[in-house]
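Here the structure is laid out as structure tokens; the discussion comes afterwards.
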Amino acid sequence: MSNITRRTLAFLLVCFSFNQFAFCQLGYTVQLKTGVHTTIKTILESNDGPVSHYEALRPDSLLLNLYFAELFTESYIRQWLDNQSFIQSYQPIVPLRARGCPPNDSAYFAQYSMDLMRFDEVWCFKNLGLNPLGDTLVIGVIDFGFDFKLPDLIENIFVNYKEIPGNQIDEDQNGYRDDYYGLSARAFPEGDNHPVESHGTQVISVVGAKGNNKKGITGTNQNIKILLCSAVTSDQLLKCYYYFIRMKREYVSSGGQKGAYIVGTNLSAGFNGQFPADLPLICQVYDSLGKTGILNVVATINENEDIGIVGDIPGLCPSEYLINVTNTNRFDQKVFESGYNVTHVDLGACGEEILMNNLGGVLTEESGTSFSSPHVAGTVSLLYQFCPKLSQLHASQPELAAQVLRSIILTSGDDLDGLKGITSTGKRLNALKALEKLNNYCKLDSLLKPKIGFKSTFGSGMYVLNFSPDAFGNYKLYIFNALGQNLYCKNLKYSPDSPSSFEFDFSDWASGIYYLLIEGEGTEYSESFLKI
């Protein structure tokens, strides 16, 4: 059968079925070779060709948009374009989109770290601060003190509503009095009287300044709860960490009625010149935190030194529940004044020239590893919004869930030459790549294997497609008959944690074998199916 006969038959079938099905039309911009443009009109308008119509983009007609009939697949069109001697180069016509999902915060334009580490693209999918089981995600932050009642912060601060503030009574019986806005280990008598300190205010704004509220900046999580704890000495640090452990255990034992669902912590401080043998109780606490499912992020020193030689606690603590972060800048270079070690410094994150909230709500730009680690801690809670499998693992084996997420974050970043050989991964944090890797983990052992599954209700003509590709993005689905004629086309969109499921009614189709093809994001999936 000739190409023109095939095309005519397919076209008649498409027209006949037009009211039932929607079809896709592909367009390409082509650059013609000089001297041939006067002869191509006949070729493009030929009945034997796949081009349905075209338009010139330049007066000399050397740049054209070609539009192709619906029955031709993307792979066929590309092959046709490759075979045309008059075409110098071509590219698909694609929509121009804003990068990621930027919030409307007035100073967001200056937050380069959110774009570079691709937080903005993760926000496109989920940004509510809840895990798939409905738990409110909490990050514990330990610092010297906080000006936490600022308008851009207060909405994201964890409040212990089971406690009545200021009466020195432990209403929720968690072992701590007056921990309404977290706990200040510096306070006497015990309570939530946090000293107002600049450093801690800056750190919590990086983790979770309220986003998309037309004010100031956004944190890595636009909606999150931050549990505060103030400390300035090693014993106070231990008190804070054990407070977090107690709050997590209270949450689990009460079925979420008390305590806090803490999934990670941040410490942008440490003890320079110290080794595990000097502060063994500090190192031990990270394993205790990990047993409750809490993954802990710390900042390394702000000196160009190997911490294995000069010492750094908690950076040198040998725990599977600890991530130690060094500083990188907007040019993806390691900042000179930041620590390193091929075993104990895990990865880099942007911490140079970071815009943040300071005392009184003033926006300031600061630098240091102190502002690298909150980006990583924020990623922990951001990722817990996705993947029911991880949330269920966290409920049954919390320590394993923490280890899984740590591995995902550390193995999914962007490779930087300046971090190779001086960190354990050689990578800089990439939140979107971490989400992609989490999504692949989430699909393992799922009902969505293989990547596409096309199932029918026997004899009814009804089919359900489960589509679970490797990459997020836009795809096109085609269905062919045994003659290779394209009968159906549909646009598909795949997002993380939400495998696409589509229902089709082919009850009016003739019995026979059909072929399904899905193309997009540089990949192709296909399988055959039988219509009875």
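Predicted, not measured: the structure shown is a model, and the values here were computed from it. Only this structure's heavy atoms are used, side chains among them; waters, hydrogens and symmetry mates stay out.
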In Å, rounded to the nearest 0.5 Å, how long is the span from [atom1] of [X] to [atom2] of [Y]?
X: Ser338; Y: Glu305; atom1: OG; atom2: CD; value: 11.0 Å
X: Lys437; Y: Leu410; atom1: NZ; atom2: CG; value: 10.0 Å
X: Leu130; Y: Leu128; atom1: CG; atom2: CG; value: 6.0 Å
X: Ile313; Y: Phe275; atom1: CD1; atom2: CZ; value: 8.5 Å
X: Asp306; Y: Asp312; atom1: CG; atom2: CG; value: 10.5 Å
X: Leu227; Y: Ile157; atom1: CG; atom2: CD1; value: 9.5 Å

Check whether [X] reaches the backbone of [Y] with its side chain - one donor and one acceptor, N or O, closer than 3.5 Å.
X: Ser373; Y: Val298; value: no
X: Glu163; Y: Tyr180; value: no
X: Asn223; Y: Gly129; value: no
X: Asp178; Y: Gln168; value: yes
X: Gln385; Y: Lys126; value: yes
X: Asn329; Y: Glu352; value: no
X: Thr300; Y: Thr326; value: no
X: Asn156; Y: Gln222; value: yes
X: Asn212; Y: Asn104; value: yes
X: Ser205; Y: Asn357; value: yes

So for atom CD, which belongs to Gln173, do other residues, nucleotides or ligands contribute more than 12 heavy atoms lying within a distance under 6.0 Å? no
Residues, nucleotides or ligands: over 12 heavy atoms within 6.0 Å of Lys149 NZ: no
Check whether any side-chain heavy atom of [X] sits under 4.5 Å from a side-chain heavy atom of [Y], and report yes or no.
X: Ile294; Y: Tyr321; value: no
X: Asp346; Y: Leu322; value: no
X: Phe158; Y: Met247; value: yes
X: Gln333; Y: Leu416; value: no
X: Val263; Y: His394; value: yes
X: Phe504; Y: Leu477; value: yes
X: Thr201; Y: Leu150; value: yes
X: Leu432; Y: Phe125; value: yes

Quiz item: cation-pi between Lys248 and Tyr261, 6.0 Å / 45°: yes
Does NZ or CZ of Lys389 lie under 6.0 Å from the centre of the six-membered ring of Tyr441, at an angle within 45° of the ring axis? yes
Without hydrogens or angle criteria, can the side chains of [X] and [Y] be said to hold a donor-acceptor pair below 3.5 Å?
X: Asn193; Y: Ser184; value: no
X: Asn174; Y: Asp179; value: yes
X: Ser268; Y: His199; value: no

Please report the shortest heavy-atom distance between [X] and [Y], naming the atom on each side.
X: Asp170; Y: Gly175; result: OD2-N, 2.8 Å
X: Pro374; Y: Val207; result: CB-CG2, 3.5 Å
X: Asp278; Y: Gly273; result: OD2-O, 4.4 Å
X: Ser381; Y: Leu137; result: O-CD1, 3.2 Å
X: Ser370; Y: Val203; result: O-CG2, 3.9 Å

Begin from the C-alpha positions of Val252 and Thr292 and carry the test side-chain contact (heavy atoms from CB on, under 4.5 Å) through to its verdict. CA-CA 9 Å; Val252 173; Thr292 67; over 6 Å; no
Can you pull the side-chain hydrogen bond (donor to acceptor under 3.5 Å, both in side chains) pairs that have at least one residue in residues 359-369, sequence neighbours excluded? Asn302-Thr369, Thr364-Glu366
If you measure from the Lys or Arg side-chain nitrogens to the Asp or Glu carboxylate oxygens, is any gap between [X] and [Y] under 4.0 Å?
X: Glu155; Y: Lys225; answer: no
X: Lys433; Y: Asp414; answer: yes
X: Glu399; Y: Lys291; answer: no
X: Asp415; Y: Lys427; answer: yes
X: Arg330; Y: Glu353; answer: yes

Stepwise side-chain contact (heavy atoms from CB on, under 4.5 Å) check, Ile307 with Val345: CA-CA 8 Å; Ile307 64 169; Val345 176; 3.7 Å; yes
Show your working on side chain to side chain donor-acceptor pair (under 3.5 Å) between His344 and Asn324 and close with a plain yes or no. CA-CA 7 Å; His344 296 287; Asn324 191 15; over 6 Å; no
Let's go through Tyr251 and Asp135 carefully: what are the C-alpha distance in whole Å and the side-chain angles of both, what is the deciding distance for side chain to side chain donor-acceptor pair (under 3.5 Å) to 0.1 Å, and is it a yes or a no? CA-CA 10 Å; Tyr251 187 91; Asp135 301 297; 2.6 Å; yes
Check against side-chain contact (heavy atoms from CB on, under 4.5 Å), Tyr241 and Asn296: CA-CA 10 Å; Tyr241 276 135; Asn296 308 279; 4.3 Å; yes
Does the ring centre of Tyr181 sit less than 6.0 Å away from the ring centre of Phe148? yes
Audit row: Ser113, His375, side chain to side chain donor-acceptor pair (under 3.5 Å) steps and yes/no: CA-CA 9 Å; Ser113 63; His375 285 96; 3.0 Å; yes
Determine whether Gln403 and Ser407 satisfy the following criterion, side chain to side chain donor-acceptor pair (under 3.5 Å), listing intermediate values before the conclusion. CA-CA 6 Å; Gln403 291 173 6; Ser407 175; over 6 Å; no
Cys350: which of Val206, Val335, Asp115, Leu116 passes side-chain contact (heavy atoms from CB on, under 4.5 Å): Leu116
Plane angle bin for Phe146 and His194 - parallel if under 30°, tilted between 30 and 60°, otherwise perpendicular: perpendicular
The single option from Tyr242, Tyr243, Phe244 passing ring pair (Phe, Tyr, Trp, His ring centres under 6.0 Å) against Tyr176: Tyr243
Show, in sequence, the C-alpha distance, side-chain angles and deciding distance for Leu347 and Ile323, and conclude whether the side-chain contact (heavy atoms from CB on, under 4.5 Å) test is met. CA-CA 8 Å; Leu347 81 166; Ile323 297 177; 3.6 Å; yes
